[in-house]
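The structure displayed is predicted, hence computed values, not measured ones.
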Amino acid sequence: MRRLPPAALLGILAACGTPPTILPERLEQVPDPRAGAPAVLAARQALDRGEARAALDLLAPRLAAAPDDVVALRLRQDALKTRGRIGLLVHEAQERIAAAPQQALGYYLRGRVAVWPQARLRWFEEAVRVEPSSFWGWLGLAYALRRSDPERALQIYRELWRRSRHSWIVGLGLAGVLQEADPRQPEGAQRRSEAVAVYEELRKNPDLPGVGSLGLAETLFDTGRQQGWSAFLDALRARPYDAGVRAMAARQLARGLGDDEVAQLLDLLRADPDRLAWFRQGGGARMLASLFQRSGNAPAALEALAPPGEGPPDEPAARRLWRRLVLGNGRVHEALEDLRATFPHALLEVETNQVRGVWKELFGGSWYTAADPLADPARAEALTRAMMRAGLLVEAELVAGHAVARHPAAATKGIRAARDEARRQLAFEGALQRLLYRGYAHPGQARSLEELLDDLRRISKEFLGRDVVGQPQRFTIPFLGELVDPFADGLARHFAAYNRHLVLGQRAGQPPEALLMVRLSLTELERGGPLPLPTRCHEVVGEDRSIRSLTGVYGGDLAGVALFHHYVIDWDAVLDWSQSLERRRRIVREDGMALLRDPVPEEVEADDPVDAHWRLAMVSPEEDSALPWAVLDMIRWHERAHLVDAFHYLPAEANLWRVIGLLWRNGFSAHRVEGDLEGRAESAALAFSPHTRLVLAHIASFLEGEDDESTHVVGFRRLALEVVAHTAGSGAAAVPVSRWHELPPEVAQAAAREAIRRFW
């Protein structure tokens with residue numbers, strides 16, 4: 001390929017001054033206020049519907065006729081990114097820069113596919129430097145400044161909005177900056193009003209149906225539901241396929257919708273079969289089923305999850321809801337067979353699994369061979385109690401309800417008792433969830449862990465007729481927090497009787513938190529091996545998190561978590577992760593494996609992943625069916641390393657010099673300390689899991705976000721650079737992250753093991 005001119009590259013790398021914000025008197029390439037050429041408009045609508053390949057087919061003739069149509073080029077970039085082909089886009093942008101170093105377009109397109117904010121800023125600054133009259137260079141610069149310098153971004157956006165005669169491309173960015181202002185401040189309220197005016201104007205653009213309404217609803221919802229509800233319904237009417245519309249609907253449902261609002265949503269969707277179908281696709285099925293379920297229309301809820309000819313959904317939570325709806329319809333055999341078919345039976349082959357008995361009892365019961373599992377009251381009661389012992393309380397209540405309805409009261413005394421027990425336990429868990437989530441929502445008013453336990457004692461006496469809390473054993477770590485022992489008597493033992501694993505504790509400065517899930521596996525970890533443990537520790541694999549931690553409710557969610565003397569792995573998250581890997585593979589196969597033939601761009605930073613995680617997912621040798629078990633193995637090594645670190649550093653007073661070293665190494669930054677520990681844990685997965693390329697893909701996937709977005713980004717970037725440095729030697733250049741698909745697995749493993757030798 002042609003390389004970037006040295007002067008251009010040096011200019012980009014050296015860019016560190018204050019970004020310009022004074023636009024020249026005349027701008028070139030100002031887009032039409034409308035959406036663009038008909039082919040581009042059709043392609044945009046296809047991409048919005050998730051039809052990236054169709055969008056690319058529509059754009060191809062347009063770009064052949066007009067290769068510098070920037071609106072079309074942007075859309076093509078967006079479509080190819082959904083196919084994992086970032087490397088191709090970087091290569092093409094670099095080719096443009098090499099061919100025309102004094103034109104802004106190449107730098108602008110390169111900035112749009114840069115992975116980090118600072119990198120984007122440098123490319124857009126260079127676009128403005130080489131061609132100050134470029135509208136697109138200034139637009140990119142405004143976008144890059146939104147996070148680091150919103151005032152400068154706003155200044156540029158306002159000027160571009162005026163000069164473009166209110167182009168929608170500018171309007172979306174301008175309104176986005178304006179609506180981020182704090183409405184509680186006088187200036188913030190004024191800016192929110194300005195955002196409303198911009199979105200109102202965008203609503204008038206016939207080429208962008210629903211786009212302005214969606215932004216308007218998001219802005220107005222912050223000041224109250226009634227203000228934004230009408231705009232939201234307009235957006236739903238016009239864009240039922242939009243992921244942003246579905247996300248907004250989910251947020252409103254989580255905040256609590258009244259019956260009339262639920263009816264409005266359903267009426268709007270049911271009025272048009274195509275609208276209903278579009279909303280369902282791409283992640284809306286479970287939400288739609290919940291809406292129908294709430295309205296009392298169980299058949300429609302089932303159809304939303306499993307339309308005729310499609311079968312049950314793959315997503316774990318949606319599959320669980322489908323099974324419960326099937327049970328609610330009395331199709332007990334069908335639900336039981338699906339439960340057995342989807343259960344990870346390899347966990348039951350482990351003889352040390354302490355809960356395998358409850359699952360074997362459920363899967364080996366006579367209800368599987370009986371023509372009618374509920375025909376005999378004794379069998380129905382046995383099934384109900386087997387479900388309760390396995391932790392399937394909702395399912396047990398449904399089964400018992402059908403059995404009670406079918407048999408005389410005299411024959412169902414035991415079934416009624418089992419149903420009532422399940423109901424009381426579900427009510428107790430619901431009360432616990434409400435107490436916790438109230439604290440999550442209002443952390444400043446949250447009660448202490450001791451006060452929460454007092455509340456639970458009172459509630460358990462009211463709901464269960466006895467105190468199941470007692471005086472639970474707790475671990476206390478100074479300056480970090482405390483944790484109720486999940487394996488001791490009292491509260492944890494009570495939940496364990498229903499095969500549910502409860503983690504309850506409080507981090508310093510945070511409200512009490514909990515995690516509650518059904519146990520699929522409980523095993524004691526081997527103490528020896530490459531990461532030895534000094535004391536007895538356990539692994540819990542569970543599913544169906546009915547109570548989530550603060551992070552899981554308001555932020556990202558984790559597949560695993562290590563806690564002092566055990567770790568927990570969420571099987572639902574394992575399945576979601578493995579299904580995402582399978583989706584990437586499916587997309588690449590649909591494209592005829594073009595990704596693997598795309599050029600790997602030169603002159604990128606050593607830790608710029610480009611599309612490494614896509615390529616690594618393709619070259620990894622695991623079959624698609626084996627991906628869940630590969631992911632589980634990776635998580636196990638990661639969480640085990642966290643346990644090793646816990647014993648390495650805690651208690652702090654006994655390991656003072658180690659703790660001081662950890663703090664010193666990370667500049668006494670809590671964020672960087674957590675990142676360091678995440679990097680160490682992932683080093684163990686890379687060193688010891690046989691699924692090396694999938695671990696590398698996981699690391700690379702965290703390098704494409706914000707610079708310091710999370711502790712995982714911080715730690716994984718550090719680990720990635722260590723692996724890159726290790727690959728250099730004997731006169732050979734280091735292998736950057738973008739070429740990790742070419743890296744022999746044993747080299748990556750050796751780099752991780754070298755790092756581990758320094759850790760422990």
Side-chain angles (χ1 to χ4, degrees), residues 4-33 36 40 63 66-78 81 86 89-177 601 603-604:
L4 291 179
L9 183 61
L10 288 173
I12 295 166
L13 296 177
C16 59
T18 301
T21 53
I22 301 176
L23 278 66
E25 291 185 6
R26 188 168 182 273
L27 290 178
E28 304 288 345
Q29 299 177 314
V30 179
D32 190 282
V40 177
L63 286 170
D68 289 340
D69 182 337
V70 186
V71 178
L73 286 169
R74 283 163 41 104
L75 195 57
R76 178 176 175 273
Q77 282 190 327
D78 294 341
K81 281 194 286 188
I86 299 101
L89 296 174
V90 172
H91 172 82
E92 290 176 345
Q94 290 178 337
E95 289 281 275
R96 278 185 178 271
I97 294 170
Q102 295 308 310
Q103 292 181 6
L105 182 55
Y107 301 98
Y108 171 71
L109 294 174
R110 179 65 182 90
R112 290 193 84 244
V113 291
V115 293
W116 306 311
Q118 286 303 313
R120 286 195 291 270
L121 178 60
R122 290 195 298 268
W123 286 109
F124 292 143
E125 284 178 340
E126 190 66 9
V128 170
R129 188 190 69 80
V130 301
E131 194 175 358
S133 63
S134 167
F135 168 89
W136 298 104
W138 286 102
L139 182 69
L141 184 58
Y143 176 80
L145 289 169
R146 284 179 60 166
R147 178 182 174 190
S148 60
D149 196 341
E151 293 302 317
R152 288 178 180 270
L154 190 57
Q155 181 182 348
I156 297 171
Y157 272 131
R158 279 173 168 157
E159 186 63 17
L160 291 176
W161 176 245
R162 182 182 68 82
R163 300 222 200 160
S164 66
R165 293 176 292 126
H166 295 185
S167 165
W168 68 271
I169 292 176
V170 182
L172 290 176
L174 171 60
V177 175
E603 295 166 340
V604 296

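- Trp138 contributes no side-chain N or O that, together with a main-chain N or O of Val128, makes up a donor-acceptor pair within less than 3.5 Å.
- Shown here are the side-chain hydrogen bond (donor to acceptor under 3.5 Å, both in side chains) partners of Arg76, two or more places apart in sequence or in another chain: Glu92.
- Expressed to the nearest 0.5 Å, how far CD1 of Ile22 lies from CD of Glu159 amounts to 11.0 Å.
- Residues Val113 and Trp123 have side chains not in contact (no heavy-atom distance under 4.5 Å, counting atoms from C-beta outward).
- Under the ring-ring contact (aromatic ring centres under 6.0 Å, His included) criterion, Phe124 pairs with Tyr108, not counting sequence neighbours.
- Remark: Tyr157 OH to Leu145 CG distance equals 9.0 Å, nearest 0.5 Å.
- Screening Glu131, Glu125, Glu126 against Arg129 for a side chain to side chain donor-acceptor pair (under 3.5 Å) leaves a single residue, Glu126.
- Among Leu174, Leu160, Leu139, the one residue that satisfies the side chain to side chain contact (heavy atoms under 4.5 Å, CB included) test with Ile169 is Leu139.
- In terms of the side-chain hydrogen bond (donor to acceptor under 3.5 Å, both in side chains) criterion, residue partners of Arg112 (sequence neighbours excluded) are, by chain and number, Gln77, Asp78.
- Residues that satisfy the side-chain hydrogen bond (donor to acceptor under 3.5 Å, both in side chains) test with Gln102, not counting sequence neighbours, are absent from this structure.
- Glu25 meets the salt bridge (Lys or Arg N to Asp or Glu O under 4.0 Å) test with no other residue; sequence neighbours excluded.
- The side-chain hydrogen bond (donor to acceptor under 3.5 Å, both in side chains) test applied to Gln103 returns no partner, not counting sequence neighbours.
- Side-chain contact between Leu75 and Val71: absent, with no pair of heavy atoms (C-beta onward) separated by less than 4.5 Å.
- Of the charged side-chain nitrogens involved, at least one lies within less than 4.0 Å of a carboxylate oxygen, so that Arg96 and Asp68 count as a salt-bridged pair.
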